[in-house]
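Here's the structure we're looking at; comments come further down.
Residue numbers run from 1 in the order of the sequence given.
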Amino acid sequence: MRYSLFPILRKISLLFFVFLCAGRVQAQEERVSKIRNTLEAIEKKIEWEKEGWIKIFSWWNEKDNPYQEPVTLYSQLHFKNKIHLGDNLNLHFSLDAIYENTLHTEDIEDVDILVNEAYLCWKMGGGRFYLGNQYISWGKLDNVILLDRINPYNYKYFILFKKQERKLPIFMLRYNWHQKNYDGEVLLIPFFKPSYLKFFGSDWAVFGHLKKTIEEGSYSSQVKETIKAVDVTREDKLDKYIPKNFQGAVKLRSRIKDIDFDVYYMYIYNRLPTLKEKKDKSNTVKKFLYLPTEENLTALLSQNLSPEELKLIEDFPRLHILGIDFETVAGPYGIRGEVGLFLSCPYLRRDFSYVRKDTLSLGVGIDHTAENNFYWNFQFIEDIILNYEELFSQEEFSHQVTLNLSKQFFYGDLILDLDSSYRISYHDWMLNPQVSYKLEKGVVFSLGGYIFEGSATTLFGRYSDNDLVYFKVIYNF
């Protein structure tokens, strides 16, 4: 019988590869075992509190244009730690591993390993010092940003994540203290950190896929070159660690009878940018971006703007903020509210030129849980622009309501939720229905959706093509 040499060599090579892999697996297991034993030994010597969760979040939306991402997968591992280094010293830190994929023909993958919270807490006398990356929650309203402005927010996916999930940590020195009749908290923030917001190139960008649509559309070369040159830049000084970028805030808390209340003062940068023109002619750029009509495109081209005039600046003005919030109960109802005076808020006039106005914002909320496990939460928010003049998309008095309904079944294992927001003055709204089921061992399955409606210049109407259905799994450990 004759044997071919090459099949024999392939089998020998395969056996060698199997033994090599087995050896590597065994070596890897030994390394993992050593690391596990080392961590267990460390844990025995120090007090180490650990918790976390794994989230898999995927959503589908109807593809209304060729650049829209129909399916997105977002996976996150969150690991939170607290290590006691001594009687008065603790280390807090949280790690996040995030994987994102748009799951379509031109897959866009993104993997991030992040250290989010990371700070030391030192107890001294009647107070505590905190130094490092931290989250701060100020104000009493639910899922509404009025006084809760210390941390920046992540708007990469607009509001698909709740307010606390969107919050980004910021480096600061924090000191809080407790007295007999009041508590206090002081923040010193040495660096500027803006909210994450994209202007172009995604479903949730402010101007969506506008530049891509023109780049690949049947437009003249003049139109394509002009829109391609449109850019948004940030002032260099904001990215530098200089004393001028220092920010600060203070909060005092007390109680009168059954009412808890806080008084605030903040001197901070506005975390969201407003587009500011370099030249007066640049206002035509903003007008086309916010209202991309053929008429506005023609007006933009007729200006024959230079590359420098086609650039807009992200402006983050400093704000003086004075505020107060309160919280109490009236029988079976919880009542809370916030009031804030914001000095020199940025806006765009009707001609899209940049202007700053003082603004008064207030909100009040009431919630109640009935005996049949039915919960409702209603909030009303009012914004008043002082010394008003006609603006692009803001009225002098604007009104908004939010309503959250929740009903539990089977001892809380099955939960039906409905979050909603309606901006009365602008006639745009959002609905977020969701059904969740809790399994044993900390697993929660959720199925829900988002519906956005309104005109193209409104907050929710801007994303009216992004209605979606989502599936979410969370495992807590």
Next item on the list: Starting from the C-alpha separation in whole Å, work towards a yes-or-no answer on salt bridge (charged side-chain N to carboxylate O under 4.0 Å, His left out) for E396 and K357.
Entry: CA-CA 11 Å; E396 182 177 5; K357 300 284 185 180; over 6 Å; no
Next item on the list: Run the numbers on Y155 and R166 for side-chain contact (heavy atoms from CB on, under 4.5 Å), then give the verdict.
Entry: CA-CA 7 Å; Y155 291 101; R166 297 196 306 268; 3.8 Å; yes
Check: R271 and R149: side-chain contact (heavy atoms from CB on, under 4.5 Å), yes or no, with the steps?
Finding: CA-CA 8 Å; R271 304 294 179 196; R149 293 173 178 257; 5.7 Å; no
Note to self: The test is side-chain hydrogen bond (donor to acceptor under 3.5 Å, both in side chains); show your working for N404 and D142 and say whether it passes.
What the structure shows: CA-CA 10 Å; N404 169 246; D142 294 327; over 6 Å; no
Notebook entry, point to check: Going through the distances and angles, do K407 and Y375 end up as a side-chain contact (heavy atoms from CB on, under 4.5 Å)?
Noted result: CA-CA 6 Å; K407 171 68 175 175; Y375 171 81; over 6 Å; no
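Geometrically, R318 engages Y267 in a cation-pi contact, judged by NZ or CZ lying under 6.0 Å from the ring centre and within 45° of the ring axis.
Of the N and O atoms on the side chains of S446 and S436, at least one donor lies less than 3.5 Å from an acceptor on the other residue. Inspection of the Q76 and D96 side chains reveals an N or O donor paired with an N or O acceptor under 3.5 Å. In summary, the side chains of T457 and Y426 do not present any donor paired with an acceptor at a separation below 3.5 Å, with no hydrogens or angles considered. Side chains of Y130 and H92: no donor on one and acceptor on the other come within 3.5 Å. With 3.5 Å as the limit, one finds a donor-acceptor pair spanning the side chains of Q164 and S137. No donor-acceptor contact under 3.5 angstrom links the side chains of E453 and S464, judged on distance only. Side-chain atoms of Y347 and E389 form no donor-acceptor pair, as typed in the model, at a separation below 3.5 Å.
Aromatic ring pairs are classed by plane angle as parallel below 30°, tilted from 30° to 60° and perpendicular above 60°; the pair F200 and F207 is tilted. Ring pair F452/W204 is perpendicular by interplanar angle, where above 60° counts as perpendicular and below 30° as parallel. Below 30°, between 30° and 60°, or above 60°: for F352 and Y290 the angle between ring planes is below 30°, a parallel geometry.
Considering all non-hydrogen atoms of both residues, R350 and L391 come closest at NH2-O, 3.4 Å. The two residues L431 and S420 come nearest to each other via the heavy atoms CD2-CB, 3.5 Å. Here the closest heavy-atom approach between residue L146 and residue G340 is recorded as CD2-N, 4.0 Å. Closest non-hydrogen pair, A205 versus G201, comes out as CB-N, 4.1 Å. Taking each heavy atom of H78 and S94 in turn, the nearest pair found is CE1-CB, 3.6 Å. Closest heavy-atom contact between D351 and N283: O-CB, 3.6 Å.
Salt-bridge check for K212 with E216: passed, with a basic side-chain N closer than 4.0 Å to an acidic carboxylate O. Contact check on K82 versus E117 returns no salt bridge, with no Lys/Arg side-chain nitrogen under 4.0 Å from an Asp/Glu carboxylate oxygen. The pair R174-E185 counts as a salt bridge, with a side-chain nitrogen and a carboxylate oxygen less than 4.0 angstrom apart.
At most 12 heavy atoms of other shown residues, nucleotides or ligands fall within 6.0 angstrom of atom NZ in K80. Counting non-hydrogen atoms of neighbouring residues, nucleotides and ligands closer than 6.0 angstrom, the CG atom of D280 reaches no more than 12 such neighbours. A 6.0 Å sphere centred on NZ of K287 holds no more than 12 heavy atoms belonging to other residues, nucleotides or ligands. For K163, the NZ atom sits in a packed shell: over 12 heavy atoms of surrounding residues, nucleotides or ligands are nearer than 6.0 Å.
With hydrogens and angles ignored, the 3.5 Å screen pairs no side-chain donor or acceptor of E382 with any backbone N or O of L362. A donor-acceptor pair is defined here as one N or O able to donate and one able to accept, closer than 3.5 Å; such a pair exists between the side chain of N154 and the backbone of K156. Distance alone, capped at 3.5 Å, places no donor-acceptor pair between the K279 side chain and the L305 backbone.
In this structure, the ring pair (Phe, Tyr, Trp, His ring centres under 6.0 Å) partners of Y269, at least two apart in sequence or on a different chain, are F192. Partners of F171 under the side chain to side chain contact (heavy atoms under 4.5 Å, CB included) rule, at least two apart in sequence or in another chain, are L131, N133, P190, F191. Residues satisfying the side-chain hydrogen bond (donor to acceptor under 3.5 Å, both in side chains) criterion with Y196, sequence neighbours excluded, are absent altogether. Residues that satisfy the side chain to side chain contact (heavy atoms under 4.5 Å, CB included) test with E327, not counting sequence neighbours, are K140, R336. For K286, the side-chain hydrogen bond (donor to acceptor under 3.5 Å, both in side chains) test picks out E277, with sequence neighbours left out. Scored by the ring pair (Phe, Tyr, Trp, His ring centres under 6.0 Å) test, Y175 finds F129, W177 as partners (sequence neighbours excluded). Listed by chain and number, the residues in a side chain to side chain contact (heavy atoms under 4.5 Å, CB included) with D260 are R255 (sequence neighbours excluded). Checked against ring pair (Phe, Tyr, Trp, His ring centres under 6.0 Å), Y470 has the following partners two or more places apart in sequence or in another chain: F57, Y450. Checked against ring pair (Phe, Tyr, Trp, His ring centres under 6.0 Å), F445 has no partners two or more places apart in sequence or in another chain. Here Y264 pairs with D325 under the side-chain hydrogen bond (donor to acceptor under 3.5 Å, both in side chains) rule; sequence neighbours left out.
Between the CG atom of N61 and the CG atom of D467 there is a distance of 8.5 Å, given to the nearest 0.5 Å. How far CD1 of I214 is from CG of L297: 6.0 Å, rounded to the nearest 0.5 Å. Annotation: the span from Y153 atom OH to L168 atom CG amounts to 9.5 Å, rounded to 0.5 Å. Separation of atoms OG1 (T298) and CG (L300) is listed at 9.0 Å; rounding is to 0.5 Å. Distance check: L188 CG to F246 CZ gives 7.0 Å after rounding to the nearest 0.5 Å. Taken to the nearest 0.5 Å, the SG atom of C121 stands 9.0 Å off from the CD atom of Q134.
Within the structure, salt bridge (charged side-chain N to carboxylate O under 4.0 Å, His left out) pairs that include any residue of residues 414-433 comprise K162-D419, R423-D428 (at least two apart or interchain).
Taking the six-membered ring for Trp, Y388 and F397 have ring centres at least 6.0 Å apart. For W53 and F79, the distance between ring centers is not under 6.0 angstrom.
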Please output the side-chain donor-acceptor pairs of residues 308-315 that fall under 3.5 Å, not counting sequence neighbours, one pair per line with the distance.
unit_1: E308; atom_1: OE2; unit_2: K278; atom_2: NZ; d: 2.5
unit_1: E309; atom_1: OE1; unit_2: S306; atom_2: N; d: 3.0
unit_1: E309; atom_1: OE1; unit_2: S306; atom_2: OG; d: 3.4
unit_1: E314; atom_1: OE1; unit_2: R234; atom_2: NE; d: 3.4
unit_1: D315; atom_1: OD2; unit_2: Y354; atom_2: OH; d: 2.3

